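What follows is one structure encoded as structure tokens, with my remarks underneath.
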Amino acid sequence: MRIATWNVNSVRKRLPNVMGWLADAKPDVLLLQELKCETGSFPLADFEAAGWRCQVVGQKSYNGVALLSREEATDVVDRLPGGDGDEQARYVEATVRGIRIASLYLPNGNPVGTDKYPYKLAWMDRLKAHAASLLAREIPVVLGGDYNVIPGPEDVYDPAAWSTDALFRQETRAKFREILNLGYIEAFRALHPTRRHAYSFWDYQAGSWQRDRGLRIDHFLLSPQAADRLTACEIDKSPRGEPEASDHTAVILELAD
DNA sequence: ATGGTTGTTGGACAA
């Protein structure tokens, strides 16, 4: 089972990029973030014509997530529990071939000092609680997406410059570790403990891509039952270098059948 | 230190 995650920064703007990449990469499941369109504006016909079943949670202008699969997806959940009126489209979860899979778009949280940062932390608390309930099922669980979390100093080109940023400050990293400490592994770092300069995002500004000034913020968290089947996790940098690219690139996970 | 870019949308806001 090959599962990819990709923050596409507008699915309509990026449709040719995504279609072209899918034809080459051939994942079984694609998790999308930052659709930037309402559910009804998602290019459903294009994906269905290409053989994809689409679970879409959209929102006007911002956010938006989707789970695309070649096989049937069942028991779809369109929000993270515990929201209490949270209308931001940041979570979709479904079962594909016995694996519980989520596409999530964790809040950015900047600037710290505004209500955006406590919203991020509260969202992470909700994710932690839900991740714990998923663990109790004792099934393979894959939580993939744009976490907006830089796990460690090896995951950012200039750690000092990012020390107070919402993606890297201690409180954010500690909360991320709390989720791992429930019993999840972060697939890429588990397989590549010493790899450096492995980024999944490069800002559009200041030539970040050309200078390889990137961040690793797109992750897969795996329950023990999924971790036992983990065979590969790689970042595919190729789409970031294409014309009209998203500022994120795709990360691909492989689980044994 | 500042500004640098992109997307949605038609002026900011988000990233």
Side-chain angles (χ1 to χ4, degrees), chain A residues 5-21 31-44 46-47 56-66 80 83 86-91 103-124 127 144-151 155-169 171-173 175-176 199-219 235 237-251:
Chain A
T5 184
W6 193 3
N7 177 324
V8 288
N9 187 17
S10 171
V11 69
R12 291 179 293 180
K13 180 76 195 267
R14 223 64 64 198
L15 189 59
N17 308 54
V18 176
M19 286 300 177
W21 184 80
L31 311 177
L32 296 173
Q33 301 88 36
E34 277 208 88
L35 304 179
K36 291 191 167 179
C37 67
E38 294 177 291
T39 304
S41 304
F42 183 87
L44 188 64
D46 297 88
F47 283 104
V56 181
V57 181
Q59 174 187 341
K60 187 178 172 65
S61 303
Y62 305 117
N63 308 318
V65 290
L80 189 59
D86 184 356
E87 296 303 317
Q88 298 193 27
R90 295 182 176 275
Y91 192 88
S103 174
L104 66 91
Y105 179 44
L106 203 147
N108 179 295
N110 282 305
V112 174
T114 68
D115 57 0
K116 291 177 181 299
Y117 192 63
Y119 174 70
K120 176 177 193 156
L121 293 177
W123 205 94
M124 294 180 82
L127 180 61
D146 178 359
Y147 279 75
N148 273 312
V149 174
I150 302 164
D155 300 310
V156 49
Y157 65 92
D158 183 353
W162 285 78
S163 61
T164 61
D165 191 276
L167 278 62
F168 191 54
R169 67 199 307 263
E171 198 173 1
T172 303
R173 294 159 61 189
K175 192 73 75 180
F176 184 70
Y199 306 131
S200 65
F201 165 89
W202 298 259
D203 201 290
Y204 285 127
Q205 302 182 74
S208 298
W209 167 248
Q210 290 77 5
R211 301 158 72 188
D212 197 29
R213 294 164 71 92
L215 314 174
R216 196 173 69 86
I217 55 177
D218 298 270
H219 310 300
I235 299 169
K237 286 172 67 171
S238 65
R240 185 61 180 82
E242 293 290 315
E244 304 285 304
S246 168
D247 42 6
H248 293 249
T249 201
V251 185

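Only this structure's heavy atoms are used, side chains among them; waters, hydrogens and symmetry mates stay out. Please read all numbers here as calculations on a predicted model, not as lab measurements. Note on naming: letters A, B, ... go to the chains in the order of the sequence lines (proteins, then strands), and numbering restarts at 1 for each one.
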What's the [atom1]-[atom2] distance between [X] and [N], to the nearest Å?
{"X": "A:Arg211", "N": "B:dT5", "atom1": "CZ", "atom2": "P", "result": "13 Å"}
{"X": "A:Leu35", "N": "B:dT8", "atom1": "CG", "atom2": "C1'", "result": "13 Å"}
{"X": "A:Arg12", "N": "B:dG7", "atom1": "CZ", "atom2": "P", "result": "13 Å"}
{"X": "A:Trp209", "N": "B:dT6", "atom1": "CH2", "atom2": "P", "result": "15 Å"}

| Flag for A:Tyr204-A:Asn9: side-chain donor and acceptor within less than 3.5 Å |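 Their side chains do contain a donor-acceptor pair, which is all the 3.5 Å distance test asks for.
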Mind jotting down which residue pairs meet the salt bridge (charged side-chain N to carboxylate O under 4.0 Å, His left out) criterion with at least one end in residues 203-213 of chain A? Sequence neighbours excluded, please.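 Qualifying pairs: none.
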#### Entry: P atoms of B:dA1 and B:dC13, separation to the nearest Å
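It comes out at 26 Å once rounded to the nearest Å.
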B:dT6 versus B:dT2 - spacing of their P atoms, nearest Å |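 Pairwise P distance, B:dT6 against B:dT2, rounds to 23 Å.
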Does A:Arg14 reach a base, just sugar-phosphate, or nothing at all? Heavy atoms under 4.0 Å.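 Here A:Arg14 touches the backbone only, sparing every base.
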| request: Quick one: sort the A:Phe176 and A:Tyr147 rings into parallel, tilted or perpendicular, breaks at 30° and 60°. | output: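 Answer is perpendicular, since the angle exceeds 60°.
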message: When you measure from the side chain of A:Thr172 to the backbone of A:Ala166, do you find a donor-acceptor pair of N or O atoms at a distance under 3.5 Å?
response: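 Judged by distance alone, yes, a pair lies under 3.5 Å.
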For nucleotides 13-15 of chain B, tabulate all protein N/O to nucleotide N/O atom pairs closer than 3.5 Å, reporting atom names and distance.
from: B:dA14; atom 1: OP1; to: A:Lys116; atom 2: NZ; distance (Å): 3.3

